[in-house]
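Since the structure comes first, as structure tokens, the remarks are kept for the end.
Residue numbers count from 1 along this sequence.
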Amino acid sequence: MVSNTKQNKLDQRYLRMARIWAENSYCSRRQVGALVVKDSMIISDGYNGTPSGFENVCEDDNNVTKPYVLHAEANAITKLARSNNNSDGATIYITASPCIECAKLIIQSGIRRVVYGEQYRLTDGIDLLERAGIEVVYLGE
């Protein structure tokens, strides 16, 4: 078992890595990154952006996010579906708190722990995760 101090340090490191991964996003309003970690290994990653094959422009002419932009968590979880890995019991590190749609994906994917770094104005995603018994850790700056 990992001590609380060691776990906290690991959580902070993986969250820093998720922040760096967010820099890959072409979105101008907000760049979000996510890493899925299982058994001390990063098994998937994602950042917010358009689906494969689409132009790398997330916002329309009015600076509104296009409806088909994928969130970082959704990208990381769907990437797992195309791999030989699974997320049962994993931890997901996200630079921002998940929305309710991503919370549903997290629950269904078997992820047991969510660590995030920024509060979003809506808390329905976090509320749903807690209701599902998923450990939620906020590591604000």
Ser25 side-chain N/O to Ala22 backbone N/O, donor-acceptor pair under 3.5 Å
no
Taking Arg112 for the side chain and Gly133 for the main chain, is one N or O donor matched with an acceptor at less than 3.5 Å?
yes
Give a yes or no on whether the backbone of Ser109 and the side-chain of Ser87 come within a donor-acceptor separation of less than 3.5 Å.
yes
Between Lys6 and Asp11, does the salt bridge (Lys or Arg N to Asp or Glu O under 4.0 Å) criterion hold? Intermediate values first, please.
CA-CA 9 Å; Lys6 185 175 180 184; Asp11 287 346; over 6 Å; no
Pick from Asn48, Asn63, Val69: which one makes a side chain to side chain contact (heavy atoms under 4.5 Å, CB included) with Arg29?
Asn63
Would a distance-only check, ignoring hydrogens and angles, find a side-chain to backbone donor-acceptor pair under 3.5 Å from Thr95 to Gly33?
yes
Quick one: name the residues clustered hydrophobically with Val64, using the 4.5 Å side-chain heavy-atom rule over I, L, V, M, F, W, Y, and just say none if it's on its own.
none
Restricting to non-hydrogen atoms, name the atom on Ser40 and the atom on Tyr14 that form the minimum distance, rounded to 0.1 Å.
O-OH, 3.5 Å
Do Tyr120 and Arg30 make a side-chain contact, defined as non-hydrogen atoms from C-beta onward lying under 4.5 Å apart?
yes
So, does Asn24 use its side chain to make a donor-acceptor pair with the main chain of Tyr47 at under 3.5 Å?
no
How would you list, by chain and number, every residue that makes a salt bridge (charged side-chain N to carboxylate O under 4.0 Å, His left out) with Glu59, sequence neighbours excluded?
none
Closest heavy-atom pair, Pro51 versus Leu70, reported as atoms and distance to 0.1 Å, is CA-CD1, 4.0 Å
Of all heavy-atom pairs between Gly46 and Trp21, which one has the smallest distance, and what is that distance?
O-CD1, 3.3 Å
So, Asp39 side chain and Met41 main chain: donor-acceptor pair closer than 3.5 Å or not?
no
Pair listing, salt bridge (charged side-chain N to carboxylate O under 4.0 Å, His left out) test, anchored in residues 66-79, at least two apart
Asp45-Lys79, Glu55-Lys66
Let's go through Ile134 and Ile106 carefully: what are the C-alpha distance in whole Å and the side-chain angles of both, what is the deciding distance for side chain to side chain contact (heavy atoms under 4.5 Å, CB included) to 0.1 Å, and is it a yes or a no?
CA-CA 9 Å; Ile134 292 174; Ile106 290 166; 4.3 Å; yes
From Val137, Leu139, Val136, residue fulfilling side chain to side chain contact (heavy atoms under 4.5 Å, CB included) relative to Tyr116
Val136
